[in-house]
Amino acid sequence: KAQITSRAMNLLITGTTSGIGLKLAQDYLAAGDTVYCCGRNKLVLNELVAAFGDRAIPVSFDVKNREDCLVALAALPELDLVILNAGTCEYIDASNFDAASFERVISINLIGFANCLEALIPKLVAGSSLALMGSSSSYLPLPRAEAYGASKAAIEYLAKTLAVTLGKEGIHVSYIAPGFVETPLTNLNDFPMPMRVDVEFASRRIRQGLERKQSEIHFPRLFTGFMKALSLLPFAWQRFLLAKVLMS
């Protein structure tokens, strides 16, 4: 198991009621840290409290609602680590573009991050860390991912910009770019998901990367490394190769 930290931390994770966020919360709590567990499923939040006691502090709010975020997070103390993880995915048929679906994804995945950042950046001090959950889909233009991929590409840019600006204040920023992870969300996918890993693998890799203050945490390396290599090609080549893969 990864050695995560030498001292107990105060940290906050959004989207802790399922998938990667839930596993991260469980693992940090098991390591002795205090976790502000954010989500709207109060049943799961209560289960975390029952399992880990008062080190699991439930915080329920809607990330899409700026005022809700600001009110819910106002009283929090200084934090050692913030992981913005809450997100969703909806796939789009480009020939029948659904603007409402696009807006829903952007509102949760991107505007939701902005709302949380406004409330939480003041809670970070020199030595603190901030992590933004993206996706390896930010590396390449993938079919049907017009909304999801656009939101994650924006998060990648946002994370890198914050790394520059907040770095001047001693706050480290990481961008997390998983490949396919077995979660309730990916279980809805109707296409092959090569090299899909479980949440145990994802949590371990993320926690290791954050402990090492890696600027970019991507996994599994074989899959995401291939995606990153393709992203270096001219766009015309990317489009040609993606078309070949889709037609095969």
Between [X] (side chain) and [Y] (backbone), is there a donor-acceptor pair under 3.5 Å?
X      : Y      : answer
Ser151 : Leu110 : no
Tyr175 : Ser135 : yes
Thr165 : Thr161 : yes
Ser128 : Ile171 : no
Glu90  : Ala147 : no
Arg196 : Glu182 : no
Asp33  : Val35  : no
Asn41  : Thr17  : no
Asn85  : Thr16  : no
Asn115 : Val63  : yes

Point to revise | Evaluation steps, side chain to side chain contact (heavy atoms under 4.5 Å, CB included), between Tyr36 and Leu76 | key: CA-CA 9 Å; Tyr36 291 87; Leu76 267 61; 4.0 Å; yes
Point to revise | Residues Glu146, Phe97; criterion side chain to side chain contact (heavy atoms under 4.5 Å, CB included); working and verdict | key: CA-CA 9 Å; Glu146 284 82 357; Phe97 198 92; 4.3 Å; yes
Check your understanding: side chain to side chain contact (heavy atoms under 4.5 Å, CB included) between Ile206 and Met133: does it pass, once the steps are laid out?
Key -> CA-CA 10 Å; Ile206 291 167; Met133 183 67 70; 3.8 Å; yes
Review point. CZ/Phe113 to CG/Asn109 distance, rounded to the nearest 0.5 angstrom?
Key: 7.0 Å
Point to revise | From CD1 (Ile111) to CD (Glu103), nearest 0.5 Å | key: 9.5 Å
Same apolar cluster: [X] and [Y], side chain cutoff 4.5 Å:
X      : Y      : value
Leu140 : Tyr148 : no
Leu241 : Leu222 : yes
Leu132 : Ile121 : yes

How about [X]: does its [atom1] atom have over 12 heavy atoms from other parts shown lying under 6.0 Å from it?
X      : atom1 : answer
Arg40  : CZ    : no
Lys168 : NZ    : no
Phe201 : CZ    : yes
Tyr157 : OH    : no

Practice item. Heavy atoms only: give me the nearest Thr224-Ala177 pair and the separation to one decimal. Key: CG2-O, 3.8 Å
Practice item. Could you please spell out the steps behind the side-chain hydrogen bond (donor to acceptor under 3.5 Å, both in side chains) verdict for Lys213 and Ser174? Key: CA-CA 7 Å; Lys213 293 193 179 296; Ser174 297; over 6 Å; no
Does this structure show an ion pair linking [X] with [Y], if we count only N-O contacts that are shorter than 4.0 Å?
X      : Y      : answer
Glu156 : Lys160 : yes
Lys228 : Glu216 : yes
Asp93  : Arg144 : no

Practice item. Could you go through the salt bridge (charged side-chain N to carboxylate O under 4.0 Å, His left out) check for Asp27 and Arg207 one step at a time? Key: CA-CA 9 Å; Asp27 287 342; Arg207 289 179 293 119; 3.4 Å; yes
Check your understanding: Of Glu200, Gln214, His218, which meets side-chain hydrogen bond (donor to acceptor under 3.5 Å, both in side chains) against Arg205?
Key -> Gln214
Check your understanding: Going through the distances and angles, do Ile83 and Leu12 end up as a side chain to side chain contact (heavy atoms under 4.5 Å, CB included)?
Key -> CA-CA 6 Å; Ile83 304 175; Leu12 178 143; over 6 Å; no
